[in-house]
Amino acid sequence: MAAGISASKPLFRLFNSKSSFYHALHRNTAPHSVCIQRAATSATADSQVNEKYCLDLVRSRDYDGFVSSLLLPEEARRSSLALRAFNVELAQVKDSVSQKTIGLMRMQFWKTAIEDIYRDDPPNQPVSAELWRAVRKHYLTKRWLLRIITEREKDMDDRAYRNLQELETYSEHTQSSLIYLLLECLGVKDVHADHAASHIGKAQGIVTCLRATPYHSSRRKVYLPMDICMLHGASQEDFIRGSREQNIRDVVYDIASQAHVHLQHARSFSSTVPAAAMPAFLQTVVLEDYLQRVRRADFDVFNPSLQKRNPLIPFQLYLRSWKKTY
């Protein structure tokens, strides 16, 4: 864990070195250059504030993604945090608004923001500013960013997935799209890496749906695929009551098994995926950990042990990063 957390220090090293550079460069400057120096200092300070905002947002709302980002190469680390902060901003809209109309307005803000970013005119907002920086540095594909927004917007309907395929489509359009963007940050353009990313994204979407079930149930909401629930005779009320009966476990088993299948498919490409792509796939450590723990809990999704964070995850992520495997 210590190794993972200490890795955050290089994140600000670039700015420290720039500050030293500006100091050395302008140490003997004439008075008329003071305004230019102040403008440069102000821009640098704003940039640092934006970076810290994204870092803090991801650390508080997507801790596993935060640690994974710290293990990326330095040239991609800041852009990864910007993308994850963007994803967090979108993900929390649904739970933070009382009316669908307000949520749709926020989604529209982000659609407009993306268009403005690609016109080199980002909104004066920390995540937008950092996203603009990432887009300019890595030439990120606009289609993936817009696809994430569009799919999140559809999800504002606040209903359960009709079947597992619908959940997989949602996961592909959101989680897989995010991984495609991370691959672009790493400079990877490879069909095998894309195939692996597709399956990892689907697995992540499925696991996220399972992990959030206790939270959603406490708010009298159930999003698990209806076809699997009906197959095992499990009603939404069963989940809302926090039932731990066998039919509920059977539903969880079927859904978790599909996530496992996607992880296996993703790993079947490991021999052909470029080594440079491996850091984008570190999230598999977190997915594997949850699937193992839910299996040990006999697929009782309400087991209290599943609500606790595994303190060894940062170490496991670091080890997988060092081995360059997923």
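Small disclaimer: the values here were computed from a predicted structure and weren't measured.
Asp250 and Gln246 are linked by a side-chain donor-acceptor pair at a separation below 3.5 angstrom, with hydrogens and angles left out of the test. Side-chain contact annotation: Ser177 with Arg147, donor-acceptor N/O pair under 3.5 Å present. For Asp238 and Ser235, the side-chain atoms include at least one donor-acceptor pair closer than 3.5 Å. When only modelled atom types and interatomic distance are considered, His262 and Glu168 share a side-chain donor-acceptor pair under 3.5 Å. The closest side-chain donor-acceptor pair between Glu172 and Ser176 falls under 3.5 angstrom.
When the side chain to side chain donor-acceptor pair (under 3.5 Å) test is applied to Asn87, the partners found at least two apart in sequence or on another chain are Arg152. With sequence neighbours excluded, the residues forming a side chain to side chain contact (heavy atoms under 4.5 Å, CB included) with Thr112 are Gln108, Asp116, listed by chain and number. For Ser243, there are no side chain to side chain donor-acceptor pair (under 3.5 Å) partners, not counting sequence neighbours. Remark: Lys189 engages no residue in a salt bridge (Lys or Arg N to Asp or Glu O under 4.0 Å) (not counting sequence neighbours). The side chain to side chain donor-acceptor pair (under 3.5 Å) search around Ser171 returns none, not counting sequence neighbours. Scanning for side chain to side chain donor-acceptor pair (under 3.5 Å) contacts around Asp95 gives Arg219, with sequence neighbours left out.
Note on residues 134-146: pairs passing salt bridge (charged side-chain N to carboxylate O under 4.0 Å, His left out), not counting sequence neighbours, are Glu115-Lys142. Applying the salt bridge (charged side-chain N to carboxylate O under 4.0 Å, His left out) definition to pairs two or more places apart or across chains, those involving residues 313-325 are Glu288-Arg320. Note on residues 268-281: no pairs pass side chain to side chain donor-acceptor pair (under 3.5 Å), not counting sequence neighbours. Listed by first and then second residue, the salt bridge (charged side-chain N to carboxylate O under 4.0 Å, His left out) pairs involving residues 220-235 are Asp158-Lys221, Arg220-Glu237 (not counting sequence neighbours). Among residue pairs with one or both ends in residues 194-214, those qualifying as salt bridge (charged side-chain N to carboxylate O under 4.0 Å, His left out) are Asp64-Arg211; sequence neighbours excluded. The stretch residues 227-251 participates, sequence neighbours left out, in no ring-ring contact (aromatic ring centres under 6.0 Å, His included) pair at all.
Using cut-offs of 30° and 60° for the angle between ring planes, the Phe269 and His192 rings count as tilted. Relative ring orientation between Trp144 and Tyr180 is described as tilted, the plane-to-plane angle lying within the 30° to 60° band.
Within a 6.0 Å sphere centred on CD of Glu245, heavy atoms belonging to other residues, nucleotides or ligands number 12 at most. Counted within 6.0 Å of OH on Tyr118, heavy atoms from surrounding residues, nucleotides or ligands total more than 12; the atom is thus considered enclosed. Within 6.0 Å of NE2 in His216 there are more than 12 heavy atoms belonging to other residues, nucleotides or ligands.
For Tyr161 and Tyr170, the gap between ring centers is short of 6.0 Å.
To the nearest 0.5 Å, atom CG of residue Leu57 and atom CZ of residue Arg84 are 12.5 Å apart. A distance of 11.0 Å separates OG1 of Thr213 from OH of Tyr223, quoted to the nearest 0.5 Å. Taken from CG in Leu145 to CD1 in Ile117, the straight-line distance is 7.5 Å, to the nearest 0.5 Å. Atom CG of Asp155 sits about 8.5 Å away from atom OG1 of Thr174, to the nearest 0.5 Å. With rounding to the nearest 0.5 angstrom, the CZ atom of Arg133 is 6.5 Å from the OG atom of Ser47. The line from CG of Asp289 to CD of Gln283 is 11.0 Å long, rounded to the nearest 0.5 Å.
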| field | Intermediate values then yes/no, side-chain hydrogen bond (donor to acceptor under 3.5 Å, both in side chains), Ser305 and Arg293 | value | CA-CA 8 Å; Ser305 67; Arg293 289 196 292 142; 5.7 Å; no

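A salt bridge between Glu153 and Lys94 is absent, with no side-chain N of the basic residue lying under 4.0 Å from a carboxylate O of the acidic one.
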